[in-house]
Visitor: 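First, the structure itself, so that you have it in front of you.
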Protein chains: 4
Amino acid sequence: MSTIPPRLTRAEQRERTREKLLDAAADAFAEHGFEGASIDDIAARAGFTRGAFYSNFADKTELLVTLCDRRIAGFAHFELPRILAIPEEQRLAAVARWLAAEAPPLELLLVLELARQRGQSPDTAAALDRVVDRLLAGIEQLLAIGGEGLADLPDAEREVRARAVLAAVAGTNLLDHLGVDADARVIELLLAGIADPATSATGAGSAHGSHA
Amino acid sequence: MSTIPPRLTRAEQRERTREKLLDAAADAFAEHGFEGASIDDIAARAGFTRGAFYSNFADKTELLVTLCDRRIAGFAHFELPRILAIPEEQRLAAVARWLAAEAPPLELLLVLELARQRGQSPDTAAALDRVVDRLLAGIEQLLAIGGEGLADLPDAEREVRARAVLAAVAGTNLLDHLGVDADARVIELLLAGIADPATSATGAGSAHGSHA
Amino acid sequence: MSTIPPRLTRAEQRERTREKLLDAAADAFAEHGFEGASIDDIAARAGFTRGAFYSNFADKTELLVTLCDRRIAGFAHFELPRILAIPEEQRLAAVARWLAAEAPPLELLLVLELARQRGQSPDTAAALDRVVDRLLAGIEQLLAIGGEGLADLPDAEREVRARAVLAAVAGTNLLDHLGVDADARVIELLLAGIADPATSATGAGSAHGSHA
Amino acid sequence: MSTIPPRLTRAEQRERTREKLLDAAADAFAEHGFEGASIDDIAARAGFTRGAFYSNFADKTELLVTLCDRRIAGFAHFELPRILAIPEEQRLAAVARWLAAEAPPLELLLVLELARQRGQSPDTAAALDRVVDRLLAGIEQLLAIGGEGLADLPDAEREVRARAVLAAVAGTNLLDHLGVDADARVIELLLAGIADPATSATGAGSAHGSHA
DNA sequence: GATGAATGAGCATTCATTCAT
DNA sequence: AATGAATGAATGCTCATTCAT
């Protein structure tokens, strides 16, 4: 009836609906897991009915893929540049603070669900690879530009350390879900070895020249 | 009248069935998650039908609880004493090797599933608390007797480090499931800071000055 | 853009589906009892699949509750006024005829099933009370306006007679299910004493002197 | 180990077990219906496990058949002779009292379950016929010897009245299960017409010459 | 685009029944 | 005769998905 042009175009409206559904899904997945979350619940959390969901996503797996993709893109396009822009001497502290944040944009348990659905479709498998690759690449960038001598490490070493950071993030994430407090001190302990260019490569437990 | 006594008594036979079902469940949960794993699949993997399952467990949640309980008991009664018996200078290496093992007895993602089912019943909630408590207590023991000066740390500090170790184990676990290689080198990097009694508490990333 | 309006609105369509399911359920319950009737069977009898059932009722018990409620409402709103409108001298005959009808709207065995499910939920218990109360209230109305001196009976006496009528209806109902013919003559014999205002209260079997 | 002869022979012991199971079944059926009662529950109520059940009955239907048979036999061999032995003038009162008893040996709802299982096997169908026939025959006997002029009624009329009595018993039974009080006064009202040889056969409600 | 009635595959769970003990 | 572990058919129910509105 009204002829007043809508504030939001069709596309914007649609995007807003998608965003609400994705946020709702993230909550539902965190609470019940991918299998345990129902589409009705997700739609209801977003303030819609299941019809809205199917207008925007082909199925639950596509929702998961989209969600993971957006989160990793958010990391690559927003978090990462922001951190890289921080002066070198405060950078590691910033990273630690970011890791300790309540809901970091990298819900790694989400990626775990993606890994479990890997067999569902080629798209899903591709999405998993994409997400993990971008994740590790982003972390490697952080380390490459990171001060304190990390820039001088050989590529292979930096790649290993990126995986270690990912493990630290993942572990922190999991602890949170287990109800165990993963505070700044815990993160600091986990990152200490990784951030020290001198941590030796000669064997476990030898981090500080203990076998001298 | 009586025939030759059977090799296995009824109770033994039953226990063997339970064990098989528990092992099968661990596999199925790792592959599809708690919600995603079907009882039919679990029973079939164990070589039984669903009836055998219900003859041994009240429901799927009880299976999960039992599984977590057994794994943590296995850790406390077998793994922990074994590691503690290792001479001090090889201990950290042994821990690292143990963490890197394919299927360490602490499937922490299992405990995550338990956390998600917490609301199911008081038993489930209690089981979660029990498991997490024993887990942290075991790790603290390890650290207390651990060489390299860790024994001298104040209790509070050791407690924080126990949580950090748990995060390291959890992260390693998750990486494995994500298809990212969490090899000995990664574990070494994660543990380096934790194992160094001197890792300072003054801020993230300050580890590099600790061995000066 | 819009096509010709449908003959039935969505709500009407839904109501029609519910009605069909309720009728099918009445048949299935009469044949196999509440526990013995399967939802698949009920849905199939109504020409639907089980999904339609769960789209309209929360569970089997709610179906039973709804069914009993509708039957008693049908009795109160349709049968009762119809009978009360009949001229006094033909009324008892009409009641008898109604009782003898193949499927009177008061399937009392249905209410028996409700009684057995009483513990299921507060709703179920409330429904049982509601149904029995309305049933007795309706019968009392019948007796109050009934001719032949019943109108002059004290309230307590009329209440007892209402219960006797209910027993007669129930008995007739059960006989039918047992394969024993409960024809008009049987009903007449059962109602004779109840309908006679003079039936004494001094002991069983004393009716024969009442018309002296 | 013990050589002392058992007080009960094997057969007696077996019979005692059967009896306990039958009584337990009667309770369970009354509470949950035939379909709703589980064999485990029945066995447990009797103080046994399901194995004892299967040592004594082929299946649940056979249990029901046996139960109905025993109850009707009990009626024919114990209740009926006892009532027939009562002096004529107190007999109807005795019948009324018997009907009002808490748990008359004729649980007609049990017979209803039998009717529902009729299709199960020829044995079941035969049992149903047997039970209903003996029931009606017993009641006819009561009426035939009954005083107050009933003895002079033609056979066909007595047969109709037997059915009416059965309906009265059934109705009373059902009322009890519905939580409606079916006291002596209710029974008296139901039996009044049946017991009066003069209740006319010309139409409903005409019991007392109302159409004169 | 969104709704919600209906579908139907899938799943947890119950339970009658069997059989080795 | 009784036990209880295991079976497997049956059933209530959930939920992803479709489609007419």
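Quick caveat: nothing in here was measured; it's all calculated off a predicted structure. Here is the naming used below: chain letters follow the sequence lines, and residue numbers restart at 1 for every chain.
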Visitor: Atom CZ of C:R18 to atom C1' of E:dG4: distance rounded to whole Å?
Guide: 15 Å
Visitor: Got A:L63 and A:F29 here, is their nearest side-chain heavy-atom distance under 4.5 Å?
Guide: yes
Visitor: Pairs in or reaching into residues 39-55 of chain B: which pass salt bridge (charged side-chain N to carboxylate O under 4.0 Å, His left out), with residues at least two apart or in two chains?
Guide: B:E31-B:R45, B:D40-B:R50, B:D41-B:R45
Visitor: Based on Watson-Crick and G-U pairs with both distances under 3.5 Å, what dot-bracket line describes DNA chain E 5' to 3', crossing pairs as [ ] and inter-strand pairs as |?
Guide: .||||||||||||||||||||
Visitor: Using the closest heavy atom to pick a nucleotide of DNA chain F for each, name whichever of B:F53 or C:D59 lands nearer the 5' end.
Guide: B:F53
Visitor: Determine whether B:E107 and B:H177 make a side-chain contact, defined as any pair of heavy atoms from C-beta on separated by less than 4.5 Å.
Guide: yes
Visitor: From CD of B:Q13 over to P of E:dC19, roughly how many Å is that when rounded to an integer?
Guide: 18 Å
Visitor: For B:D123, give me all partners under salt bridge (Lys or Arg N to Asp or Glu O under 4.0 Å), at least two apart in sequence or on another chain.
Guide: none
Visitor: Can you check the A:F57 CZ to F:dT17 P distance for me, whole Å?
Guide: 13 Å
Visitor: In whole Å, I'd like the distance from the CD atom of C:E12 to the C1' atom of F:dA20.
Guide: 16 Å
Visitor: Does a side-chain N or O from B:R10 land closer than 4.0 Å to OP1 or OP2 of F:dT3, or not?
Guide: no
Visitor: Could you give the CD-to-P distance, from D:Q117 to E:dA16, as a whole number of Å?
Guide: 12 Å
Visitor: Between the side chain of C:K60 and the main-chain N/O of C:S38, is any donor-acceptor distance below 3.5 Å?
Guide: no
Visitor: Nearest whole Å is fine: how far is F:dT14 C1' from A:K60 NZ?
Guide: 11 Å
Visitor: Using a 4.5 Å cut-off on heavy atoms from C-beta on, say whether the side chain of A:E62 contacts that of A:D59.
Guide: yes
Visitor: Map B:A58 and D:T61 onto DNA chain E by nearest heavy atom, then report which one ends up closer to the 5' terminus.
Guide: B:A58
Visitor: Specify the separation, in whole Å, of atom CG of A:L63 and atom P of F:dT17.
Guide: 11 Å
Visitor: Looking at D:S55 and D:G51, would you say the former's side chain and the latter's main chain have a donor-acceptor pair under 3.5 Å?
Guide: yes
Visitor: What integer distance in Å separates B:N56:CG from F:dT7:P?
Guide: 10 Å
Visitor: Among E:dT13, F:dA6, F:dA2, which nucleotide has an atom closest to any side-chain atom of D:F48?
Guide: F:dA2
Visitor: Quick test: give all pairs of protein nitrogen or oxygen and nucleotides 8-10 of chain F nitrogen or oxygen below 3.5 Å, distance rounded to 0.1 Å.
Guide:
unit_1 : atom_1 : unit_2 : atom_2 : d
F:dA10 : N6     : B:R50  : NH1    : 2.9

Visitor: Name the residue from A:T66, A:I72, A:L67 that meets the side chain to side chain contact (heavy atoms under 4.5 Å, CB included) definition with A:R70.
Guide: A:T66
Visitor: Within 45° of the axis and under 6.0 Å from the centre of the six-membered ring of B:F53, does NZ or CZ of B:R18 qualify?
Guide: no
Visitor: Can you give each donor-acceptor pair under 3.5 Å made by side-chain atoms of residues 113-120 of chain A, sequence neighbours left out, with the distance rounded to 0.1 Å?
Guide:
unit_1 : atom_1 : unit_2 : atom_2 : d
A:E113 : OE2    : A:F34  : N      : 2.9
A:Q120 : NE2    : A:T61  : OG1    : 3.1

Visitor: Under 4.0 Å from any atom of DNA chain F, heavy atoms only: list the residues of residues 23-47 of chain D that qualify, in numerical order.
Guide: none
Visitor: Applying side chain to side chain contact (heavy atoms under 4.5 Å, CB included) to B:R16 and B:Q13, what does each step give before you reach the verdict?
Guide: CA-CA 5 Å; B:R16 183 164 294 196; B:Q13 194 55 265; 4.2 Å; yes
Visitor: Taking the side chain as every heavy atom from C-beta outward, state whether D:F57 and D:L22 have any atom pair closer than 4.5 Å.
Guide: yes
